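To start, the structure itself, in structure tokens.
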Amino acid sequence: MKKLFIVANWKSNLTSSQANEWVQALEASIKNQELENKEVILFPSFTLLSNIHSSLQLGAQNISPFDEGAYTGEVNGKQIKEFAKYVLIGHSERRKHFFEEEKIVERKVEMAKKYDLIPIVCVQDAKTPIPSDVTIVAYEPVFAIGTGTPDTPENAEQVAREIKEKSQVQYVLYGGSIDSMNVKTFTQRPTIDGVLVGSSSLDPQEFSAIINHA
Ligand code: PGA
């Protein structure tokens with residue numbers, strides 16, 4: 001059975017009490033599920049990271065491109081490492097609203113590596129540059145994010161194949177309008193190694209169904 005990454009990207013949502021309720025509801029509902037080949041990872045806001053106590057893995061949605069020091073407002077790799085194993089880098093919302101360009105994406109990957117965090121780099125297509133030493137990439141076409149219109153599994157598979165052919169990437173996830181009804185059509189593709197879930201991850205029952213159906 002291949003390894004599958006099932007990733008919840010909460011984006012800028014949930015307070016600490018809501019996050020705790022979510023974790024309790026999810027853990028109750030996945031209690032009897034077989035998770036053997038599934039790596040379930042939550043990406044909450046920074047303010048929630050230290051407060052979430054769960055058997056699931058944690059990731060940060062962002063990382064400072066700088067090390068510790070005089071960088072007001074930034075959260076650096078050393079700080080993230082206290083609470084998380086993964087870090088999301090280069091999400092299209094960061095590229096669009098926060099003007100993150102390739103250089104920044106590269107520096108963030110370097111910082112993640114320095115502190116032994118596993119970067120999951122988001123790319124918009126097979127042409128997006130991927131910094132070296134990245135092993136997990138999420139293919140997230142902009143037209144599919146938050147629109148209810150996912151890419152076709154055929155095309156996502158094709159992009160995943162191209163990415164693996166031209167880089168050293170080991171795992172390619174698909175993200176964009178994933179829900180419990182369509183998740184399997186992506187994860188059953190041989191070259192797709194999991195899903196990155198935005199809006200459908202905010203409802204613990206729906207996210208549990210996604211884990212179950214993946
Ligand atoms: P979506 O978001 O599932 O709401 O489309 C995916 C993402 O942005 O990671």
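When reading the values below, keep in mind they use all heavy atoms of this one structure, side chains included, and skip hydrogens, waters and symmetry mates. As the structure lists them, so they are numbered: ligands from 1, and atoms in each ligand from 1. Being a predicted model, the structure only gives us computed values, none of them experimental.
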Rounded to the nearest 0.5 Å, the OG atom of S50 sits from the CZ atom of F83 at a distance of 4.5 Å

Distance-only N or O hit between ligand 1 and S200, under 3.5 Å = no

Show which atoms of ligand 1 fall inside a sub-4.0 Å distance from at least one heavy-atom site of H91.
-> 7 (C), 8 (O), 9 (O)

Where is the nearest protein heavy atom to atom 3 (O) of ligand 1: which residue, which atom, and how far?
-> G198 N, 2.8 Å

G176 neighbourhood, listing ligand 1 atoms whose heavy-atom distance to it stays under 4.0 Å = 5 (O)

Is the closest basic N to carboxylate O distance between E140 and R95 below 4.0 Å?
-> no

Thinking salt bridges, do K114 and E110 make one under a 4.0 Å N-O criterion?
-> no

Of the protein's non-hydrogen atoms, which lies at the shortest distance from atom 2 (O) of ligand 1, and what is that distance?
-> K11 NZ, 3.3 Å

Ignoring angles and geometry beyond distance, decide whether T147 reaches within less than 3.5 Å of ligand 1 through its nitrogen or oxygen atoms.
-> no

Taking atom types as modelled, find out whether D125 and T128 have a side-chain donor-acceptor pair closer than 3.5 angstrom.
-> yes

Report, in ascending order of atom number, the atoms of ligand 1 lying under 4.0 Å from any heavy atom of E140.
-> 6 (C), 7 (C), 8 (O), 9 (O)

When distances are taken from atom 4 (O) of ligand 1, the protein heavy atom at minimum range is S199 OG, 2.6 Å

Of all the heavy atoms in G146, does at least one lie under 4.0 Å from an atom in ligand 1?
-> yes

Quick look: I145 vs ligand 1, heavy-atom contacts under 4.0 Å, and the answer is both

Return the orientation label for the F5 and Y86 ring planes: parallel under 30°, perpendicular over 60°, tilted otherwise.
-> perpendicular

Counting heavy atoms not belonging to K78, are there more than 12 under 6.0 Å from its NZ?
-> no

Do D116 and K81 have side chains that get closer than 4.5 Å, going by heavy atoms?
-> yes

Any idea which part of A144 is under 4.0 Å from ligand 1, heavy-atom wise: side chain, backbone, both or neither?
-> backbone

Atoms in ligand 1 flagged as close to N9, the criterion being non-hydrogen separation under 4.0 Å | 9 (O)

Aromatic ring pairing F186/Y174, orientation class (parallel under 30°, perpendicular over 60°, tilted between) = parallel

Quick note on ligand 1: atoms under 4.0 Å from a heavy atom of L196 include exactly 9 (O)

Basic-acidic side-chain contact under 4.0 Å: K103, E106 = yes

